[in-house]
Protein chains: 2
Amino acid sequence: MTRIVDVARRAGVSTATVSRVLNGKSVRPELVAAVRAAVDELDYVPDRTARSLRRRSSDVVALVLPDVENPFFTAVARGVEDVAQEAGFSVVLCNTDDDPAKEARYLAVAEHENMAGVVIAAASASPALAGLLARRRAVVAVDRAVPDAVDQVTFDNVALGRRAAGLLVERGFRRIACVTGPRATTTAVDRATGWRLALDDAGLVPSDDLLVHANFRVDGGYAATSELLARPTAPDAVLATNNLVGVGALRAVADRHLDLAASGAAGGTSVGVGIVGDLPFATSRTDDVALVPLSPRGLGTTAARMLLERLDGLDVAPRRVVQDGAAPPGGTSAGLHL
Amino acid sequence: MTRIVDVARRAGVSTATVSRVLNGKSVRPELVAAVRAAVDELDYVPDRTARSLRRRSSDVVALVLPDVENPFFTAVARGVEDVAQEAGFSVVLCNTDDDPAKEARYLAVAEHENMAGVVIAAASASPALAGLLARRRAVVAVDRAVPDAVDQVTFDNVALGRRAAGLLVERGFRRIACVTGPRATTTAVDRATGWRLALDDAGLVPSDDLLVHANFRVDGGYAATSELLARPTAPDAVLATNNLVGVGALRAVADRHLDLAASGAAGGTSVGVGIVGDLPFATSRTDDVALVPLSPRGLGTTAARMLLERLDGLDVAPRRVVQDGAAPPGGTSAGLHL
DNA sequence: TTGTATGCGTTATCAA
DNA sequence: TTGATAACGCATACAA
């Protein structure tokens, strides 16, 4: 293994000079050339562990997510990865399963592994960031708001819920239920608030028993929607406040449809479905689903950029960025959709 | 920040003894107790960077994947993560986009970051493992076979393709096309071979123009299937050799169905679809899809266990594990559908 | 600008 | 078994 001393010897300089060249400090041009030549010839690559120990900070960023199997969060991950990698950072993906204990463990690892920074979509209403903040490590909250004084980038979730519910209203549905996520999840609560507002806008009644809190996964959406549709006074439409719940809702509606057909009941007008989010792996056409597409990847890139600014030394008060949330009509990145 | 010297002072021992206690070497019981007490009181956690530098190996494992947005690979990741984490290792997720250059970069990072080991689903037919192997780092290939002398865990892809195509034959389809992945991807080639065998078994003709190589994503499956269905002598069924291609195929079939209906053509018998893989986010019922479910998570756990054995010092010839591929009947994932 | 020498926090070697 | 101390590879304070 080639070390910095090998390069120094070969270039006829001290290790300090090699280090300076490698880190862009001012060095006489001819020595720079000599060092670079030696580096190339020896195929030298600095040991990042030693560098981290000395600098007291590594070049890896932790990305703490509630569910890496949710395409929404993998898209966030891609966004973060794209810009982090560009800047020379590696990204460690940490999966919390929405479990505050697992989350706390990962945050502790990030702290003691001297990671450069953390981007977190919090599982807990109040994640264990104290240790990291005490060490003045950069932290950015993404997607879900946290109470701590850190940079945050989220969607305008109230607006998203309102828009999605509004689409259902426009399509003529009158009795619109809402299936959302856990009460501890800010996105779930805010989008449900949006649903309420949209119904108010339309002079409809956002009755409390039409609001169901499930988990934010497929099974949660399926169970909640099935239950709603089985009621004597079933809703004529369901708003799912995230993508996976939306998948579950669609399956529940499809099953219900088949059940009714089997039991000889008239094929009444089908149940409307609205979804805040995308269906990247839909196996059916989604023309009649009221979709409010998001750009989670943009969320990730924004969060990563904010983190990099902090790592670059930016020292201002915590910032809150609220992205509109709409996926751009054409491009791959976020565009403001007015 | 508390360091090992602080603990040593508090416990009235040397740093060497603290280190020994922390690493389970033999130490007099009373001293062990004293050290543990000091660790607790001071809330001491070893700095993993320093530890890595000294040990010349970190406790993070790189997981190199072609596409973290594919649920198949996120499931592999969960499997790896589960067992690695249990053993005290962190997992870094590296996304190569099936690009050999990106893959090579990540492998170089893994090498110079002194990562403990690498689990890789190769993007390249011959990934750049030389550096890692020269340093005797543990490497396990998962899902896709590689030419190097490393542990490998894969499915029996020929058998999987054969089984899926066989299901379509059983259902009475006679002209069965196959949409598979790139020629450089072992899984794509092997499953196509299985398709060929199944057709032979049934006395059918696996005509070469019924085999299409697409990319292994939704758009690839959609385009290839659309093209097949638009031919004058269209196939009556399509075998998709992975999950995403399967999604694309289903969408193409649905669109074709609608087009025919719109053009007033008779609603002939619908096109059969077979898929090697799962549809975790299907938005429609999949009763009439010939699915051969997999357990990618099991692939991941096996690979991680093999890696851990190597990290534990196991020094035997490279092993090849071929998993049946069928998801377990009882587990949480899709049950075997006979 | 350059070199020397020290320290980052831990583990491993060697004597005791 | 235990303690003193020398590495691990790099970056920087200080001196030149």
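Keep in mind that what you see is a predicted model, and the values were worked out from it rather than measured. To find a chain, count down the sequence lines: A is the first, B the second, and so on, and within it residues start at 1.
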From the list [options], which nucleotide is the closest neighbour of the side chain of [X]?
X	options	value
A/Ser14	C/dT4, D/dG3, D/dG9	C/dT4
A/Asn23	D/dC10, D/dG3, D/dA11	D/dA11
A/Tyr44	C/dT10, D/dC8, D/dC10	D/dC10
A/Pro46	D/dC10, D/dG9, D/dG3	D/dC10
A/Ser19	C/dT1, D/dA11, C/dG9	D/dA11

On the nucleotide [N], are OP1 or OP2 found under 4.0 Å from the side-chain N or O atoms that [X] carries?
X	N	answer
A/Arg55	D/dA11	yes
B/Arg3	C/dG9	yes
B/Arg51	C/dT11	yes
A/Thr17	C/dG3	yes

From A/Tyr106 atom OH to A/Asn95 atom CG, the distance as rounded to the nearest 0.5 Å: 6.5 Å
[atom1] of [X] versus [atom2] of [N]: gap in Å, rounded?
X	N	atom1	atom2	answer
A/Asn114	C/dT10	CG	P	10 Å
A/Leu22	D/dT12	CG	P	12 Å
A/Glu113	C/dG9	CD	P	15 Å
B/Arg48	C/dT11	CZ	P	12 Å
B/Leu53	D/dA6	CG	P	17 Å

Smallest heavy-atom separation, A/Asp6 atom then A/Thr2 atom, equals OD2-CA, 3.3 Å
Minimal non-hydrogen separation, A/Val80 against A/Gly300, with atom names: CG2-O, 3.5 Å
If you pin A/Val27 and B/Met1 to their nearest nucleotides in DNA chain C, which one's is more 5'? A/Val27
Considering every strand and a 4.0 Å limit on heavy-atom distances, what is the contact class for [X]: base, sugar-phosphate, or nothing?
X	result
A/Val18	nothing
B/Leu31	sugar-phosphate
B/Val5	nothing

Comparing A/Arg20 with A/Ile4, nearest DNA chain D nucleotide closer to 5' gives the residue A/Ile4
By nearest heavy atom, map B/Arg54 and B/Ala16 onto DNA chain D; which one lands nearer the 5' end? B/Ala16
Charged N to carboxylate O below 4.0 Å: is that the case for B/Asp99 and B/Arg105? no
The single option from A/Val118, A/Asn114, A/Leu107 that satisfies side-chain contact (heavy atoms from CB on, under 4.5 Å) with A/Arg137 is A/Asn114
